[in-house]
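Following: one structure in structure tokens, then a few remarks.
Computed from a predicted structure; not experimentally measured. Side chains are part of it too, since the values below use all heavy atoms of this structure and drop only hydrogens, waters and symmetry mates. First the proteins, then the strands, lettered A, B, ... as listed; each starts at 1.
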Protein chains: 2
Amino acid sequence: MTEKQQAEGTVGKALSVLDTIASIGHPVRLVELLPHTKYPKPTLYRLLQTLTAQSMLAYDPDRQTYSLGVRLVRLAHAAWNQSSLAPIARPHIDALSKKLCTTVHLAQLDNGQALYLDKRNAASPIEMFSQAGKVGPGYCTGVGKVMLAFLETEQQNDALKKQAFHAYTPNTHTSKESLQKELNEIAKSGVAFDNEEHEPGIICIAAPILSAKNRVIGGLSVTSSTRRHSLADLKDLQPDLLSTAKGIGQAAESWYFPDQNNSLKT
Amino acid sequence: MTEKQQAEGTVGKALSVLDTIASIGHPVRLVELLPHTKYPKPTLYRLLQTLTAQSMLAYDPDRQTYSLGVRLVRLAHAAWNQSSLAPIARPHIDALSKKLCTTVHLAQLDNGQALYLDKRNAASPIEMFSQAGKVGPGYCTGVGKVMLAFLETEQQNDALKKQAFHAYTPNTHTSKESLQKELNEIAKSGVAFDNEEHEPGIICIAAPILSAKNRVIGGLSVTSSTRRHSLADLKDLQPDLLSTAKGIGQAAESWYFPDQNNSLKT
DNA sequence: CCATTTTGTTTCAGATAGTGAGACGTAGTT
DNA sequence: AACTACGTCTCACTATCTGAAACAAAATGG
């Protein structure tokens, strides 16, 4: 009986409120937030109180608005730093970007989508949170497709169910079938191309980052624009890309915490 | 009766577990985490389950370890982006760093400490999460002191109680009194200097970022080393620093969400 | 100025979800 | 095989969360 789903709990509810506020994208008042959630007013009120008390939300008394709080930034800092991928990949990405003079992305699979962990841009440097933490579609980005392609069949199917198949451009895959077909090819060839499938004029080549046991732990891509390169040009970068991806995979594997002493030694 | 404190709730407990894992700084197993918390084993176990299910933690089945999850990174991305300070300050910081060819920091007050939101480094570019989200002491950094100095008396007192007064260097303030005295001077002069109080050889000049109502909303600093500059040199940068800080303050004020459409248009 | 509406906050009995001592399963050791 | 160490499960207990309804406080408007 009782359908299915559910199984949240107070913590789940609180976190979903955070997500909702994040998706709205600006500070919100209680009533504005209310229709976006499925909770009655007093419940939502209490959740907001709790989260505010925990610094997960910031409350502006003047405007009576809630926005995402600083504790998140602090925690994410730690998360990024102690992730077994991002900090390790950093020097490799630096080197690759410098050598090829192109934009390099590092991503990780998150619920069928590509979550960008790092970005190196040869020309205009510096991207902070504005890039890291961003999510892109799995079915029409280079890193997305390559990570999907190297997934175990079962996980791949799960992930495929979560794709939106929105046609951003004429080249975007719009069905599971056509995507699946390309994924098989990608798995064989070892690299994925984004042929303006997400944004017109933007192309890229992407490789998987694999663990020793061949599990996908991330994706690495070199991005360019059609006015600067062709897909064939990108293909030439494949050796560099693959060796960097391999290097990162090995580093991530062999490392596994050399007890880096960041933490809060404040 | 019953002493005082408490007042957590399930959410608070769950979040404190996140903090604990963050402070440990590497993936942990259940038993390793256990002594760091005040929860009995089955309770902690369930909290970990919940957080893992929510992607706030990542679980490595091979090693049976938990580490901070990707959802944090996603949320922090949103938090950074929709904060009324960091994204707005970005171009100003870029310009300042470029003009002066120095390292520039943007920080915000977080529980008496300086939480770094952004950093621009003239020489070696790029600092991602490795910098943003980092916290530094309030009593012995330029941004920290300047933000404390411009606080309302009451909030200042609260914040002062939270200072550790650890003597990082011979120049570090080690008492509330000596710090308080300097804070008064800072409030008058409008800028704070860090005279190697946190790290030997590192000096900086910092200015507050103020809202229209003169509330401190952040701190901005220009950092250098004693081998490159003297405090007097930094003093010469004061006009540039102040005008940038003012510019950021005004931008943050006038803006207040022009309904930027980031969100997750994935 | 008071009436009206909207939004934020509090109450409280009832329902749920969290709690943790203890038992149990499962590796890994000796 | 006995032992140890750790992860997982059970279950009666109860702390916590729930949300309709009432209330308070602003904002609105006539």
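Each of Val11(A) and Val31(A) has a nearest nucleotide on DNA chain C; the 5'-most of these lies closest to Val31(A). Looking at which nucleotide of DNA chain C each of Leu30(A) and Tyr39(B) is closest to, the 5′-most match is held by Leu30(A).
Atoms CD (Gln49(A)) and P (dC17(D)) sit 13 Å apart, rounded to a whole Å. Rounding to whole angstrom units, CD of residue Gln64(B) and P of dC6(D) are separated by 11 Å. Following rounding to the nearest Å, Glu8(B) (CD) and dA15(D) (C1') show an atom-to-atom distance of 14 Å. Spacing between atom OH of Tyr59(B) and atom C1' of dT8(D) amounts to 10 Å, rounded to whole angstrom units. Distance, Arg29(B) CZ to dG7(D) C1': 8 Å, rounded to whole Å. In this structure, the CZ atom of Arg63(A) is 14 Å from the P atom of dA27(D), given to the nearest Å. At whole-Å resolution of the value, CG in Leu34(B) and P in dA21(C) are 11 Å apart. Put simply, CG on Leu47(A) is 12 Å from C1' on dG19(D), counting in whole angstrom units.
In the set dG7(D), dT18(D), dG20(C), dT18(D) carries the atom at the smallest distance from any side-chain atom of Arg46(A). Out of dG18(C), dG20(C), dG8(C), the shortest distance to the side chain of Thr10(B) is found at dG18(C). Side-chain proximity of Tyr45(A) to the nucleotides dA20(D), dA21(C), dG8(C) is greatest for dG8(C). Comparing dT18(D), dT7(C), dT8(D) by their nearest atom to the side chain of Thr43(A) picks out dT18(D).
Gln156(A) and Gln180(A) form a side-chain donor-acceptor contact under 3.5 Å, judged by distance and modelled atom types alone. For the 3.5 Å distance criterion, the side chains of Ser67(A) and Tyr59(A) fail to qualify, holding no donor opposite an acceptor.
Contacts of Pro42(A) with the nucleic acid, taken as non-hydrogen atoms under 4.0 Å apart, include base atoms.
A donor-acceptor pair under 3.5 Å is absent between the side-chain atoms of Asn111(A) and the main chain of Gln113(A), judged by distance alone. Formation of a donor-acceptor pair under 3.5 Å by the Thr141(B) side chain with backbone atoms of Pro137(B) is found in this model. Side-chain atoms of Arg74(A) never come within 3.5 Å of backbone atoms of Lys134(B) as a donor-acceptor pair (strictly under, hydrogens ignored).
Put simply, the side chain of Lys41(A) and the base of dG19(D) share no donor and acceptor less than 3.5 Å apart.
Using a 4.0 Å cut-off, some side-chain N or O of Lys13(B) falls inside it from OP1 or OP2 of dT19(C).
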